[in-house]
Structures are given as structure tokens and as C-alpha cells.
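On a predicted model such as this, the values are computed, not experimentally measured, just so you know. Values below: all heavy atoms of this structure, side chains included; hydrogens, waters and symmetry mates excluded. A, B, ... follow the sequence lines: proteins, then strands. Residue 1 opens every chain.
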There are 2 protein chains.
Amino acid sequence: MRQAADLSCSPSIDAQQALARAETLCQQRGARLTDLRRRVLEIIWSSATPLGAYTILDVLRDDGRQGAPPTVYRALDFLLAQGLIHRLASLNVFTGCRRPGSHHSGQFLICRDCGRVSELSNPVIDELLRAETDARGFEVLARIVEILGRCPDCLKEPTRHG
Amino acid sequence: MRQAADLSCSPSIDAQQALARAETLCQQRGARLTDLRRRVLEIIWSSATPLGAYTILDVLRDDGRQGAPPTVYRALDFLLAQGLIHRLASLNVFTGCRRPGSHHSGQFLICRDCGRVSELSNPVIDELLRAETDARGFEVLARIVEILGRCPDCLKEPTRHG
DNA sequence: ATAACAAATGTTATTCTATAACATAACATC
DNA sequence: GATGTTATGTTATAGAATAACATTTGTTAT
């Protein structure tokens, strides 16, 4: 069974701001933030935790839209290309980017218990990684930094896992 | 079509050493490095590039073994638990660990062109990540650091991708 | 306007990755 | 050798992603 979407009833302030920024950025770039793409971004931002592609697809279908996997993957590809969302490789899920426009790779803290994600941005880590790759003559195309663990909130609760 | 396994005919020196170390470690720990598990480790070490689970399964079947996905995933789970291999989340592949016994997370440079992987181990990066997580009261369970790009060898060749 | 082209979406099918659930076999301990 | 545990065999299915082609929508030039 697929995870529940955990969506709030209406777009949060965060989501509204993110959509507004996305509009602006796309307009500046001449990129077309279509209805579908905007809705997918909204779905992602409306969730407290990152969503898988098929969960997003379920929500689209609840909307009454027709849709198949390529529908959502193409929208996700667009949003990724525009730096509006991130993909978390360790979980195959997608989350809204808190700093769109910079096309950064991001560093993520992922809570195993509640699923929430914080996005770090430690330039020193980026710098060190670049030093390592430079020293090796390795050309960087993408950086993946994901820390899986338990967030402070979940640490307070009685352990649920061992 | 699944990627070719790119296996040398006989176990390389590296593979032989890795297998010997694995034997020792498992014996020390009372972990059972069974025939199947040893063979999977050998298959992984015999490849110049990381292998997917289904590629490993193909090799097992070429061996004449019976097998299904759980066969190989269970062996992989064991090898992961023993710190004898790493999983690269960005590619869904598995590669031999160069420093077994320490149960480290590892940092990887993955060449998009040739598929080869180098394993870094920069303690300063680990340290910085720990500082970040400590500052947030976040308990770390696993670290994923994967850099996708092009290795020096492939950079010398005429670009194959754009 | 409309023809021609490009971009986006619809649609069907398939490939790849991973696990659930249950059966059997091998091993250890007493 | 009976019992419990660990490992493996087996079947089926869930989950993630893309290929290939059809249709629609949007844009541009005439």
C-alpha cells in the first residue's frame, strides 16, 4: 500500500510563496509553468514530507485529471530542471526546494521516523567536496548528500524502532 | 536490456584479497559467509564497475544456480550489514567496500561515462556533517555522499554526452 | 486566419528495482 | 534424533521509471 499523502486541505503559506516564486522564476526564464506543472509543485509543497511520484499521481487523479506515470515524471523533470524541487535518491521521493533559482544540489537531513526533511546548505562541505574532486581532476555534474537519521522531535518520543 | 556485467574471467587480486578479508571478518564476528554470499561478493568484486542486483542474479544463473530476486537481495543485505559492500543509492548498484570492518558510510565519486567509482574517505567532511547534525540534535543513522560526474580518464576522451 | 512547426500532454506497454509471504533445506544445540 | 534457528527456494506482487507513439496545445510566420 502506498503511503498516505499527508496533505493539508489548502495550500499553506509556504506553498503559496513557493508557487509565487516559481511563477516569477519561470517567467524570467521563459520557461512554461503550465497548469499541470504548477499543480504538481503545489502538491509537493502541500505535503509535510517528500512525496513519491506515484503518490503525486494519485493526487492528480483525485483532482479528476487523467494521468499516467509519464505525466507526473515529465512534470517532475521540468521542476527539477528549473531547480524548483529536489529528488532524494535514497528514498525515491521529491521535495520542494527552499532556495530556488540557485540550482544548488543541497544537503538533506531525513528523519526515518516522521519523514520530514531539512535542507542544509553548508558551503564548507561543498568547498571540501570540490577540493577533493579538483584534486582528482574529476568533473562534478551532481552532488548527493543525504543524512538519514532521527530528528530532535522524534528523539523525544519513546523509540519506535529498536 | 540490462548492462553487461563486465566481469573478468577469473577473480582479480583485489577480489581475492577482499574475499580473504571477508572470511576473516565474518569468522571473527561469528557471521556465516555462506557459499551464496561469498559468491555474490566475488561477483561484485570481479566487476570493474558497480553492479545492479539483477545483473548479479544473471551471473548466479549463469553459474547454474537456481535463484530469484530475493536470493540476491538477501545476500546483498547480509553483505551490507557486515560492511563488506556499499550501495550507491543514486544508481541502485552495489560495489565492494575497500575498507571493510569499519562500517563507514563512504563518499563516492561516480563516473557517468565509464561507471567506475572511487571511494573517498575525507574525515573532515564527516566531521562537518557531524557538527551540522549535532548542532540540530539530529541522530545520524546513515550518510550518503555521492558525486556524479566524469573521471579524469573520460575527460581526456572526446565528449560523448554534450 | 491558417499552415507549419514546436512543445506539452495523453496513452499503452514494458523494463527495472525491491519486497511480501510462505515452503523447504541446512545447521546447530541439546 | 528432536527441536529451534538460520538460510535458501519459490511464487507472486508492489513500486519506480522510461520507451514509443498519438494527440493536443501553443507559437510563429506567412
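Place Ala68(B) and Asp77(A) on DNA chain D by their nearest nucleotides, and Ala68(B) ends up nearer the 5' end. Two residues, Phe78(A) and Phe94(B), neighbour DNA chain C, and the one matched to the more 5' nucleotide by heavy-atom proximity is Phe78(A).
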In sequence, state the C-alpha distance, the side-chain angles, and the governing distance for Glu132(B) and Arg136(B), and then conclude on salt bridge (charged side-chain N to carboxylate O under 4.0 Å, His left out). CA-CA 6 Å; Glu132(B) 287 277 5; Arg136(B) 285 168 174 74; 2.5 Å; yes

Salt bridge (charged side-chain N to carboxylate O under 4.0 Å, His left out) evaluation trace for Arg74(B) with Asp77(B): CA-CA 5 Å; Arg74(B) 284 190 288 227; Asp77(B) 284 345; over 6 Å; no

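Residue Asn92(B) places at least one side-chain N or O under 4.0 Å from the OP1 or OP2 atom of dA18(C). For dG9(D), neither phosphate oxygen OP1 nor OP2 lies less than 4.0 angstrom from any side-chain nitrogen or oxygen of Arg65(B). Checking the phosphate oxygens (OP1, OP2) of dT11(C), a side-chain nitrogen or oxygen of Gln66(A) falls inside 4.0 Å.
Here the nucleotide nearest the side chain of Pro70(B), chosen from dA20(C), dT17(C), dT8(D), is dA20(C). The side chain of Tyr73(A) approaches dA16(D) more closely than any other nucleotide in the set dA18(C), dA16(D), dT11(C).
Between the Arg21(A) side chain and the Pro100(A) main chain, no donor and acceptor come within less than 3.5 Å of each other. Side-chain N or O atoms of Gln107(B) include one that pairs as donor or acceptor with a backbone N or O of Asn122(B) at under 3.5 Å. Listed for the Thr55(B) side chain is no donor-acceptor partner under 3.5 Å among the backbone atoms of Leu51(B). Formation of a donor-acceptor pair under 3.5 Å by the Ser105(B) side chain with backbone atoms of Arg143(B) is found in this model.
Taken over five-pair windows at either terminus, the axes of the helix from dA1(C)-dT30(D) to dC30(C)-dG1(D) are inclined to one another by 30° (rounded to 10 degrees).
One can find a donor-acceptor pair under 3.5 Å joining the base of dA17(D) and the side-chain atoms of Tyr54(A). Taking 3.5 Å as the limit, the base of dG9(D) and the side chain of Arg74(B) contain a donor-acceptor pair of atoms between them.
Of the inter-residue distances, the one linking Ile44(A) atom CD1 with Ile56(A) atom CD1 reads 4.0 Å to the nearest 0.5 angstrom.
Less than 4.0 Å separates DNA chain C from at least one heavy atom of each of the following residues of residues 27-36 of chain A: Arg32(A), Thr34(A), Leu36(A).
Environment of CD in Gln16(B): crowded, with over 12 heavy atoms of neighbouring residues, nucleotides or ligands closer than 6.0 Å.
Remark: the Glu146(B) side chain and the His86(B) side chain contain no N/O donor-acceptor pair separated by less than 3.5 Å.
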